[in-house]
Amino acid sequence: MTRKNILNAKRIVIKIGTSSLILPNGKINLSNIDDLAFVLSDMNNKGFEVILVTSGAVGVGMNVLGMEKRPMEIAQQQALASIGQVELMSLYTQMFHRYSQKVSQLLLTRDVTDFPLSRENAENALEALLSLNIIPIINENDVVAIDEMDHQTKFGDNDKLGAIVAKLVNADLLIMLSDIDGLFDKNPTLFDNAKIFTEINSITDELRAAAGGAGSRFGTGGMASKLAAAQILFDNQQEMVLTNGTRIREISDILAGKEIGTYFHQ
Ligand SMILES: Nc1ncnc2c1ncn2[C@@H]1O[C@H](COP(=O)(O)OP(=O)(O)O)[C@@H](O)[C@H]1O
Ligand SMILES: N[C@@H](CCC(=O)OP(=O)(O)O)C(=O)O
């Protein structure tokens, strides 16, 4: 058993990417969202402390407006995020309600986690929510986050946000749900003979070179941003499992230490 640390994990952050929430045809992936609500509610009932970091505001916004292509203009993307975020939360609230699970929403920008006082406030709010048995659902506040030379409040992407939240709450494990089974030695969507890594102990230049960009028109960071997230966790002696968002029901097997996806630990 190489994943024995996981057996003791209690506080778990789950990050789900847009490609697991939106189908290739642009429609909402209802079965994945339902699975997520079921599995996370079940975990909460079993005594785990669960925090969800979700992407999908822009993707769901595109779905609401029937838009096929992600617009280039920042104001348009922010408008889509504003439209999509409410719809996304409405979907989550309905699905979690089926399992009698209450949820809350936190929209963060990087300045919140960078400045000690606001970081402490966010930490306290999250602790209070967890002690009330609520599952906090976190996204970046896309509508106001900016990325300018002298003023940066964007996290970069939600993989990084997932790692920063895991650090903020001192999580035992980050489970990252993507549209691929794990990290491969080369991009598996381009190479049939790509092999999955079951375990990664350090983020090397060789790995970074093998990590390509986003796989779908909805994903943003690709594997490169997942490795950057893993590095943040390693810097904080934390762990991550990267697995496929179609295998949400297998999260209980992951928590039982089964060799699913890629396990990042030092
Ligand atoms: N070495 C690699 N191993 C696995 N996936 C890779 C690799 N290099 C590039 N990718 C691409 O990264 C994609 C996942 O990232 P992304 O599209 O950003 O998804 P998400 O929306 O889940 O964040 C995969 O579908 C795949 O096309
Ligand atoms: N905050 C953005 C997601 C940004 C992002 O990193 O997306 P993804 O690569 O799908 O995790 C949104 O909600 O659309």
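Note that the structure is a prediction, hence the values are computed from the model and not measured. Order of listing sets the numbers, starting from 1, for every ligand and every atom in it. Hydrogens, waters and symmetry mates are skipped; everything else that's a heavy atom, side chains included, is used.
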Visitor: Report the part of L161 (side chain from C-beta onward, or backbone N, CA, C, O) that has a heavy atom under 4.0 Å from ligand 2; answer both or neither where that applies.
Guide: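 No part of L161 comes within reach of ligand 2.
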Visitor: Does N187 approach ligand 1 within less than 4.0 angstrom via side chain, backbone, both or neither, non-hydrogen atoms only?
Guide: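 Under 4.0 Å from ligand 1, N187 contributes backbone and side-chain atoms.
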Visitor: Would you find more than 12 non-hydrogen atoms of other residues, nucleotides or ligands less than 6.0 Å from E206 atom CD?
Guide: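 No, the 6.0 Å shell around CD holds no more than 12 heavy atoms from other groups.
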Visitor: Among V143, V64, V58, whose side chain to side chain contact (heavy atoms under 4.5 Å, CB included) with L80 holds?
Guide: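 Only one of V143, V64, V58 forms a side chain to side chain contact (heavy atoms under 4.5 Å, CB included) with L80, namely V58.
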Visitor: Under 3.5 Å, N or O to N or O, is E140 touching ligand 2 that way?
Guide: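 Among all N and O atoms of E140, none is under 3.5 Å from an N or O of ligand 2.
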Visitor: Report yes or no: do N139 and N158 form a side-chain donor-acceptor pair below 3.5 Å?
Guide: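 Side-chain D/A pair, N139 to N158: present.
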Visitor: What distance do E120 atom CD and T113 atom OG1 have between them, rounded to the nearest 0.5 Å?
Guide: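 That separation rounds to 14.0 Å.
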Visitor: Roughly how far apart are S41 OG and M95 CE, rounded to 0.5 Å?
Guide: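 S41 atom OG to M95 atom CE measures 11.5 Å (nearest 0.5 Å).
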Visitor: Could you tell me which atoms of ligand 2, counted from 1 in the order shown, lie closer than 4.0 angstrom to a heavy atom of D142?
Guide: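 Those atoms are 1 (N), 2 (C), 12 (C), 13 (O).
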Visitor: Is ligand 2 under 4.0 Å from a heavy atom in the side chain of K15, in the backbone, in both, or in neither?
Guide: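 Only the side chain of K15 comes within reach of ligand 2.
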Visitor: What about V58: any of its N or O atoms under 3.5 Å from an N or O on ligand 2?
Guide: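 Looking only at distances, the answer is yes, because the N/O contact criterion of under 3.5 Å is met.
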Visitor: Return a yes/no value for G59: is any of its N or O atoms, backbone included, closer than 3.5 angstrom to an N or O of ligand 2?
Guide: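 No.
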Visitor: Is K160 close enough and on-axis enough to F155, meaning under 6.0 Å and within 45°, for cation-pi?
Guide: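 Ring-cation test returns no.
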Visitor: Measure the acute angle between the ring planes of F264 and F234, then classify it against the limits of 30° and 60° as parallel, tilted or perpendicular.
Guide: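 Answer is tilted, since the angle falls between 30° and 60°.
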Visitor: Please verify whether a non-hydrogen atom of K195 lies at under 4.0 Å from ligand 1.
Guide: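 No, K195 has no heavy atoms under 4.0 Å from ligand 1.
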Visitor: Give the atoms of ligand 1, by number and element, whose distance to some non-hydrogen atom of S19 is under 4.0 Å.
Guide: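 Listed by number with element, the hits are 19 (O), 20 (P), 21 (O), 22 (O).
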Visitor: Is there a polar contact, in the sense of an N or O pair closer than 3.5 Å, between I180 and ligand 1?
Guide: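 Such a contact does not occur with ligand 1.
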Visitor: Side chain or backbone of A210 under 4.0 Å from ligand 1, or both, or neither, by non-hydrogen atoms?
Guide: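 Backbone only.
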Visitor: Can you sort out which atoms of ligand 1 are near G222, meaning under 4.0 Å from one of its heavy atoms?
Guide: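 Counting atoms of ligand 1 from 1, those under 4.0 Å from G222 are 12 (O), 15 (O), 16 (P), 18 (O).
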Visitor: Distance under 4.0 Å to a non-hydrogen atom of T18: what atoms of ligand 1 satisfy this?
Guide: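 Counting from 1, the qualifying ligand atoms are 21 (O).
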Visitor: Could E123 and K167 be called an ion pair, given the rule that one side-chain N must be under 4.0 Å from one carboxylate O?
Guide: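 No salt bridge links E123 with K167.
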Visitor: Just jot down the ligand 2 atoms closer than 4.0 angstrom to any heavy atom of G17, in number order.
Guide: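 Those atoms are 10 (O), 11 (O).
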Visitor: Quick check on contacts: which atoms of ligand 2 are under 4.0 angstrom from a heavy atom of D157?
Guide: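 Per the distance check, 6 (O).
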Visitor: Identify whether the distance between the nearest side-chain nitrogen and carboxylate oxygen of K15 and D159 falls below 4.0 Å.
Guide: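 Judged by the 4.0 Å cut-off on N to carboxylate O distance, K15 and D159 do form a salt bridge.
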Visitor: Just jot down the ligand 1 atoms closer than 4.0 angstrom to any heavy atom of T189, in number order.
Guide: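 Contacts of ligand 1 toward T189, numbered from 1: 27 (O).
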Visitor: Ignoring hydrogens and angles, state whether a donor on the side chain of D142 or Q77 is under 3.5 Å from an acceptor on the partner side chain.
Guide: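 The criterion, which ignores hydrogens and geometry beyond distance, is not satisfied for Q77 and D142.
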Visitor: Please report whether ligand 1 has a polar contact with D159, defined as an N or O pair separated by less than 3.5 Å (distance criterion only).
Guide: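 Between D159 and ligand 1, no N or O pair is found under 3.5 Å apart.
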Visitor: Mark the output for G56 as yes if a heavy-atom distance to ligand 2 is under 4.0 Å, and as no if none is.
Guide: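 Per 4.0 Å heavy-atom rule, G56 contacts ligand 2.
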Visitor: Looking only at distances, please establish whether an N/O atom of ligand 2 is found under 3.5 Å from an N/O atom of S55.
Guide: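 Yes, at least one N or O pair falls under 3.5 Å.
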Visitor: Measure from atom 23 (O) of ligand 1 to every heavy atom in M176, K226, K186 and give the option owning the shortest one.
Guide: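 It is K226 whose heavy atom sits nearest to atom 23 (O) of ligand 1.
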Visitor: Taking atom NZ of K154 and atom CG of N141, what is their separation to the nearest 0.5 Å?
Guide: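 Output value for this atom pair is 10.0 Å.
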Visitor: Salt bridge check, K195 against D185: does any charged N sit closer than 4.0 Å to a carboxylate O?
Guide: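 Salt bridge flag = no for K195 with D185.
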Visitor: Could a heavy atom of S20 be found less than 4.0 Å from some atom of ligand 1?
Guide: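 Outside the 4.0 Å threshold, so no.
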Visitor: Flag P188 as yes when one of its N or O atoms lies below 3.5 Å from any N or O atom of ligand 1, and as no otherwise.
Guide: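 In this structure, P188 places no N or O atom under 3.5 Å from an N or O of ligand 1.
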Visitor: Which option out of G56, G182, S178, A229 puts a heavy atom nearest to atom 22 (O) of ligand 1?
Guide: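 Comparing heavy atoms across G56, G182, S178, A229, the nearest one to atom 22 (O) of ligand 1 lies in S178.
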Visitor: Is a side-chain donor-acceptor pair under 3.5 Å present for Q94 with S90?
Guide: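 Side chains of S90 and Q94: pair found under 3.5 Å.
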Visitor: Is D185 in polar range of ligand 1, meaning some N or O pair under 3.5 Å apart?
Guide: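 Among all N and O atoms of D185, none is under 3.5 Å from an N or O of ligand 1.
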Visitor: Where on T18 is there a heavy atom closer than 4.0 Å to ligand 2, on the side chain, on the backbone, on both, or on neither?
Guide: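 Looking at T18 and ligand 2, atoms from backbone and side chain both fall under 4.0 Å.
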Visitor: Strictly below 4.0 Å, N to O, side chains only: are R98 and D34 in salt-bridge contact?
Guide: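 So R98 pairs with D34 through a salt bridge.
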Visitor: Please confirm whether N139 comes within less than 3.5 Å of ligand 2 when only nitrogen or oxygen atoms on both sides are compared.
Guide: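 Between N139 and ligand 2, an N or O pair is found under 3.5 Å apart.
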Visitor: Under 4.0 Å from ligand 1, counting heavy atoms only, is it the side chain of S55, its backbone, both or neither?
Guide: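 S55 to ligand 1: no contact under 4.0 Å from either part.
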Visitor: Are Q105 and Q85 linked by a side-chain donor-acceptor pair shorter than 3.5 Å?
Guide: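 Yes - a donor-acceptor pair under 3.5 Å links their side chains.
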Visitor: Relative to each other, are the rings of H265 and Y263 parallel, tilted or perpendicular (30° and 60° limits)?
Guide: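 It falls in the parallel class, under 30°.
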Visitor: Give the contacting part of K15 toward ligand 1: side chain, backbone, both or neither, where contact means a heavy-atom distance below 4.0 Å.
Guide: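 Just the side chain.
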